[in-house]
2 protein chains.
Amino acid sequence: MNPVSPARPQAKATVDPMSSQAAGTELPPTIQPRPRDAGATKARLLRAATEEFAEHGLAGARVDRIAERAGANKRLIYVYFGDKDRLFDAVVDDQARAVMAAVPLPDGDLAAFAAARFDYVLANPTVRRIAHWRAFERTEPTEDELAGYRIRLEAVAAAQREGRLRADIPAADLFALVMRMTESWLAAPTALWIVADGDPLAPERLAEHRQALLAAVRSVIVG
Amino acid sequence: MNPVSPARPQAKATVDPMSSQAAGTELPPTIQPRPRDAGATKARLLRAATEEFAEHGLAGARVDRIAERAGANKRLIYVYFGDKDRLFDAVVDDQARAVMAAVPLPDGDLAAFAAARFDYVLANPTVRRIAHWRAFERTEPTEDELAGYRIRLEAVAAAQREGRLRADIPAADLFALVMRMTESWLAAPTALWIVADGDPLAPERLAEHRQALLAAVRSVIVG
DNA sequence: ACGATGTAACTATCCAGTTAGATACATCAG
DNA sequence: CTGATGTATCTAACTGGATAGTTACATCGT
């Protein structure tokens with residue numbers, strides 16, 4: 001690759017920001033060298049990547065920006081995660097696992113599920129953005145994710161058999177409908193938000209929508 | 001503009017692919033020069049851009065690929081549309097206008113609206129992808145779009161006043177819910193599709209979901 | 001002294017946007 | 001009808017800046 005570049009000595013002394021007896025008056029003002037902690041650094045990188053990917057998507061995200069946000073060196077991304085794509089996968093898996101854990105489907109109670117999911121997505125906006133970008137850029141769900149959906153679908157089917165949920169709609173369709181409904185306000189087109197005047201994200205407005213959402217879900221699930 | 005370029009004679013003869021008495025045996029084998037038609041070229045570019053942006057988003061789309069898909073020269077994108085961003089805007093506007101025209105909300109009949117929207121999105125997959133990418137990358141709805149939503153919202157509100165739609169949910173919320181429901185199957189996570197076995201896009205399956213969707217919408221809109 | 005952790009500088013590639021034309025077609029002068 | 005001239009349409013090749021990924025070291029903890 002780079003056959004002609006034999007060492008570059010003493011370059012160090014000229015730029016080392018740590019050397020205390022540096023020539024100038026420039027005593028480095030409390031640049032703590034940060035205690036080394038691979039786990040913490042990796043976690044900071046994952047967090048930074050989550051924000052960056054949420055904002056810009058896979059293609060729009062910049063590896064340099066991720067390193068900067070994490071206050072870590074770019075190289076570490078390649079050490080810990082491999083490359084940009086696998087970092088994205090790591091972020092996606094992490095987010096998917098977090099939602100699955102935070103929003104269960106107790107006893108196939110889709111109304112409770114809808115409420116929990118609305119609250120979670122409201123509190124964690126990145127989840128929705130990551131999920132959507134993932135759906136477009138890449139596919140390949142993880143085994144964890146499949147298992148999560150399998151459990152939820154079985155819970156819905158059981159509740160249908162026991163008459164607690166309407167049975168004239170397939171379990172998957174019913175679940176997909178309700179899941180989608182939970183995002184209807186937060187994912188609504190900007191134009192709709194503008195036309196429906198008032199701040200769409202004001203706490204009272206969100207509370208009002210939450211009630212509307214739950215009323216609608218209740219209507220759907222009983223038939 | 002071009003102060004130092006006085007005429008440019010006979011350069012032509014050296015490369016003219018049309019000159020029938022060209023030296024070599026290389027008779028250009030039916031490379032039709034394509035009749036010049038600015039409108040058609042522009043339309044081909046817009047169509048190609050729509051596909052490219054739908055597949056890759058704004059950041060992921062490649063201007064060179066768009067030109068190639070259109071069978072046109074890259075330069076023409078800059079002549080006709082300005083730059084990549086404005087080409088994206090053109091695509092978004094075009095798609096938004098198309099959906100607005102194709103999916104009306106007659107008399108605030110949300111069930112009919114849901115059916116029409118489901119059918120349209122099914123037949124035009126790019127619309128959904130473009131809309132989603134737009135929501136993330138850029139905002140700024142057009143005046144046409146605002147007007148479209150205003151009309152639809154008023155139709156819903158009117159139907160609510162006349163008792164044809166439930167009135168305990170704000171018009172905007174009800175509309176957002178129904179609109180979102182129409183995409184629940186097509187936008188469902190891959191994992192859900194896999195877990196609910198069978199081909200999710202098979203005609204019979206789609207017909208089944210369509211029925212489920214309409215049943216659910218009917219439940220929602222009456223209360 | 002050795003592996004794990006960290007850093008700055010570098011490179012090869014890609015890609016949006018530009019330059020400098022070339023070709024088709026219309027119109028008009030002779 | 002004929003060639004000259006202007007204009008809209010189209011093209012290949014280039015450029016400068018950005019960006020993913022690498023190299024060659026440095027330093028810490030043990």
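In the text below, chain A, chain B and the rest are named by the order of the sequence lines, each starting its count at 1.
Put simply, the residue from B/E51, B/E55, B/E52 that forms a salt bridge (Lys or Arg N to Asp or Glu O under 4.0 Å) with B/R65 is B/E52.
The structure places CG of A/L46 at 10.5 Å from CD1 of A/I77, a figure rounded to the nearest 0.5 Å.
Rounded to 10 degrees, the angle between the two end axes of the helix from C/dA1-D/dT30 to C/dG30-D/dC1 is 10°, with five pairs used at each end.
Between B/R117 and B/T182, the side chains place a donor N or O and an acceptor N or O closer than 3.5 Å (distance only, hydrogens not considered).
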Can you pull every protein N or O that's under 3.5 Å from an N or O on nucleotides 14-17 of chain C?
from, atom 1, to, atom 2, distance (Å)
C/dC15, OP1, B/R62, NE, 2.7
C/dC15, O5', B/R62, NE, 3.1
C/dA16, OP1, B/A61, O, 3.3
C/dA16, OP1, B/R62, NH1, 3.4
C/dA16, OP2, B/V63, N, 3.1
C/dG17, OP2, B/Y78, OH, 3.3
C/dG17, OP2, B/K84, N, 3.0
C/dG17, N7, B/K74, NZ, 2.9
C/dG17, O6, B/K74, NZ, 2.4

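In this view, B/E143 and B/R150 satisfy the salt bridge (Lys or Arg N to Asp or Glu O under 4.0 Å) rule, not counting sequence neighbours.
When the P atom of C/dG6 is taken as reference, atom CD1 of A/I77 falls 13 Å away, rounded to whole Å. Atom pair B/Y80:OH and D/dC10:C1' shows a separation of 8 Å (rounding to whole Å applied). In this structure, NE2 of A/H56 is placed 10 Å from P of D/dT19, rounded to the nearest angstrom. In this entry the distance linking CG of A/L76 with C1' of D/dA20 reads 15 Å, nearest Å. Following rounding to the nearest Å, B/I66 (CD1) and D/dT11 (C1') show an atom-to-atom distance of 18 Å.
For the OP1/OP2 pair of C/dT5 and a distance below 4.0 Å, the side-chain nitrogens and oxygens of A/N73 include no atom meeting the criterion. For A/T41, a side-chain nitrogen or oxygen approaches OP1 or OP2 of C/dG6 to under 4.0 Å.
Relative to the ring axis of B/F53, B/K84 does not place its NZ or CZ within 45° and under 6.0 Å from the centre.
Of the possible donor and acceptor atoms, none in the side chain of A/N124 sits under 3.5 Å from a partner among the backbone N and O of A/T126.
Salt bridge present: B/D173 and A/R205 bring a charged side-chain N and a carboxylate O closer than 4.0 Å. A salt bridge links A/R86 with A/D83: the distance from a Lys NZ or Arg NE/NH1/NH2 to an Asp or Glu carboxylate oxygen falls below 4.0 Å.
In the set D/dT23, C/dG6, D/dA12, the nucleotide with an atom closest to the side chain of A/R75 is D/dT23.
Below 30°, between 30° and 60°, or above 60°: for A/H209 and A/W185 the angle between ring planes is below 30°, a parallel geometry.
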